[in-house]
Amino acid sequence: MSDPTVIVQIINLDRSADRMAQMASALDQQNVSYVRLPGVDGKSGPPEVIANYDAQRSKRLFGRPLLAGEVGCYQSHLNAAQAFLDSSADLGLVLEDDVTVPQDFGDMITHLRRLAAGLGQPQWHVMHLGKAVTKIHLPAVAPDWPATLPTPLRAFYLPVTTHALLWSRPGAERFLRDCGEVVMPVDNALKSHSCRTAAGIGFDAPLIQPGRM
């Protein structure tokens, strides 16, 4: 499946070639086009060098300094959002390289694209595909959404994981503008950001599971 309106990015560290090989095999089998995004390796240098990171501010806001891997992960997601905006795509699907690619993934992407169009981009910023929404939420209007897939919800507290995210262009722009400084792990930052924007979409069950690599 090649859909120019959706860019699928796989965040992958250079030292994790085996993970990329497994992801590539799974996506190729389903004819899903993708782009590998080199992940920012926390082992490549001090956190202050690899990202816009202030350890003292992290202590004040998050209670502790971040691990180098957390800083690298955050910067990787910032890079993915920017790469999406630099493309011509309308939607940016970002996967970490340890997810389990679901069956009929191409069809799922088509359904997500239709859902995004039905919601209207000014009304949502990011869809969290990787974990069930359990806190405050409202129904999302999704008349063409298949009943066999998890139910979409307007989520005010996105789950604390980032292995599968779908961005709208306004959402990626807003996240880069408001959350470009690394002061907490990216999943916590996204959860806090979604509370402020009230523009998150989640599901009552995960669409994409983390892997077991």
Side-chain angles (χ1 to χ4, degrees), residues 1-13 19-20 23-40 73-131 140-142 144-146 149-150 152 154-155 158 161-180 186-187 189-190 193-194 197 199-203 206-209:
M1 184 211 75
S2 178
D3 184 345
T5 68
V6 183
I7 181 173
V8 180
Q9 297 184 78
I10 312 300
I11 296 176
N12 171 251
L13 296 175
R19 289 189 173 192
M20 191 64 228
M23 286 292 296
S25 176
L27 293 169
D28 289 344
Q29 286 177 22
Q30 299 201 45
N31 296 314
V32 174
S33 299
Y34 60 90
V35 176
R36 176 184 177 268
L37 183 84
V40 178
C73 180
Y74 197 130
Q75 186 60 53
S76 297
H77 278 277
L78 292 175
N79 291 352
Q82 186 61 60
F84 157 48
L85 293 175
D86 291 342
S87 77
S88 60
D90 298 323
L91 302 172
L93 177 55
V94 181
L95 304 177
E96 295 177 356
D97 64 5
D98 59 348
V99 303
T100 299
V101 177
Q103 295 296 320
D104 301 322
F105 189 39
D107 289 341
M108 180 184 292
I109 293 173
T110 297
H111 292 309
L112 287 168
R113 176 171 53 77
R114 291 173 180 167
L115 174 63
L119 292 169
Q121 285 195 2
Q123 304 302 317
W124 73 278
H125 286 173
V126 61
M127 294 189 194
H128 194 298
L129 312 179
K131 193 174 182 180
V141 178
D144 297 325
W145 185 255
L149 291 176
R154 290 199 172 275
L158 291 180
T161 55
T162 54
H163 58 268
L165 303 173
L166 181 70
W167 291 101
S168 70
R169 296 189 75 86
E173 291 169 353
R174 178 78 180 267
F175 186 69
L176 286 170
R177 184 178 74 242
D178 294 356
C179 303
V186 64
D187 48 4
L190 186 62
H193 182 66
S194 70
T197 62
I201 298 293
F203 297 83
L207 275 73
I208 301 176
Q209 297 279 0

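Quantities reported herein were computed from a predicted structural model and do not represent experimental measurements. Here, residue 1 is the first one in the sequence, and each next residue gets the next number.
- Interatomic distance, D187 CG to T162 OG1, rounded to the nearest 0.5 Å: 5.5 Å.
- Expressed to the nearest 0.5 Å, how far CG of L115 lies from CE of M108 amounts to 12.0 Å.
- Nearest heavy atom pair, residue L78 against residue G180, reads CD1-O, 3.6 Å.
- Rounding to the nearest 0.5 angstrom, the gap separating the CG atom in L129 from the NE2 atom in H163 is 8.5 Å.
- Within a 6.0 Å sphere centred on CG of D86, other residues, nucleotides and ligands contribute more than 12 heavy atoms.
- The side-chain heavy atoms of M23 and N12, taken from C-beta on, include no pair separated by under 4.5 Å.
- Note that CG of L37 is 11.5 Å distant from CG of L95, once rounded to the nearest 0.5 Å.
- Rounding to the nearest 0.5 Å gives a distance of 6.5 Å between CD of Q30 and CG of D104.
- V40 and S76 get closest at one heavy-atom pair: N-OG, 2.7 Å.
- For the pair M127/L93, no side-chain contact is recorded, criterion being any heavy-atom separation below 4.5 Å from C-beta on.
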Apply side-chain contact (heavy atoms from CB on, under 4.5 Å) to the pair C73 and E96, showing each step before the final yes or no.
CA-CA 10 Å; C73 180; E96 295 177 356; 3.9 Å; yes
Would T161 and H128 satisfy side chain to side chain donor-acceptor pair (under 3.5 Å), going step by step from the backbone distance to the final call?
CA-CA 9 Å; T161 55; H128 194 298; 3.1 Å; yes
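- Counting only heavy atoms from C-beta outward, the side chains of V99 and Q209 never approach each other to under 4.5 Å.
- Here the side chains of L112 and W145 are in contact, with some heavy-atom distance below 4.5 Å.
- Looking at heavy atoms from C-beta onward, L91 lies out of side-chain contact with T5 at the 4.5 angstrom threshold.
- With a 4.5 Å cut-off on side-chain heavy atoms, T197 and F175 do not count as touching.
- Atoms CH2 and CG, from W124 and L166 in turn, are 4.5 Å apart once rounded to the nearest 0.5 Å.
- When every heavy atom of A24 is checked against every heavy atom of Y34, the shortest pair comes out as CB-OH, 3.1 Å.
- Here the shortest heavy-atom pairing between S88 and R169 reads C-NH1, 4.3 Å.
- The two residues P150 and P206 make their nearest non-hydrogen contact at CG-O, 3.9 Å.
- Between W167 and L85 there is no side-chain heavy-atom pair separated by less than 4.5 Å.
- Among all heavy-atom pairs drawn from L190 and L158, the shortest one is CG-CD1, 4.1 Å.
- Distance alone, capped at 3.5 Å, places no donor-acceptor pair between the H77 side chain and the I11 backbone.
- Counting only residues at least two apart or in different chains, salt bridge (Lys or Arg N to Asp or Glu O under 4.0 Å) contacts with residues 25-38 comprise D14-R36.
- In this structure, the side chains of Q75 and N79 come closer than 4.5 Å at one or more pairs of heavy atoms.
- Between H125 and H193, the ring-plane angle classifies as parallel under the 30° and 60° cut-offs.
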